[in-house]
Amino acid sequence: MADQKKPKQQQGQINIELDETVAQGIYSNLAIINHSVSEFVVDFVTIMPGVPKSKVKSRIILTPQHAKRLVKALNDNVQRFEKAHGEIKDYQQPSIPINFGPTGEA
């Protein structure tokens with residue numbers, strides 16, 4: 001009887017939980033992207049003016065297929081944003097030499 005009152009989960013549906021700490025997010029104004037044959041590694045960094053040193057705040061590792069899906073999803077969302085709010089200006093920033101430790105391959 002108790003089972004009848006529970007809403008049935010649709011087949012193929014995934015319930016995703018968002019932890020309170022993760023929900024706050026992490027600000028990033030720089031992404032460093034590297035890849036190997038099997039994965040893409042995206043490191044998110046916060047760079048502050050006048051501070052010569054920064055740390056990676058978050059690292060996301062994606063398969064090539066997921067990286068391509070992410071690019072498509074970001075492109076779709078940017079287009080919808082610009083349709084609703086106008087063009088996003090892409091200001092050219094001076095290149096910053098980045099010392100990111102030894103280069104490697106996974």
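The heavy-atom pair separating Ser38 from Pro64 by the smallest distance is O-CD, 3.3 Å.
A salt bridge is defined here as a Lys NZ or Arg NE, NH1 or NH2 lying under 4.0 Å from an Asp or Glu carboxylate O, and Asp76 with Lys72 meets this definition.
No continuous path of ILVMFWY side-chain contacts below 4.5 Å connects Ile32 to Phe40, so the two sit in separate hydrophobic clusters. Put simply, Ile33 and Ile60 are part of the same group of oily side chains (I, L, V, M, F, W, Y) that touch within less than 4.5 Å, one to the next.
Between the CZ atom in Arg80 and the CG atom in Asn75 there is a gap of 10.5 Å [rounded to 0.5 Å]. Separating the CG atom in Asp43 from the NZ atom in Lys55 is a distance of 14.0 Å, to the nearest 0.5 Å.
Exactly one residue among Ile61, Thr63, Leu62 makes a side-chain contact (heavy atoms from CB on, under 4.5 Å) with Glu39. That residue is Ile61.
Annotation: side chain of Leu70 is not in contact with side chain of His66 (no heavy-atom distance under 4.5 Å). No side-chain heavy atom of Ile26 sits under 4.5 Å from any side-chain heavy atom of Phe44.
Of the possible donor and acceptor atoms, none in the side chain of Ser28 sits under 3.5 Å from a partner among the backbone N and O of Thr46.
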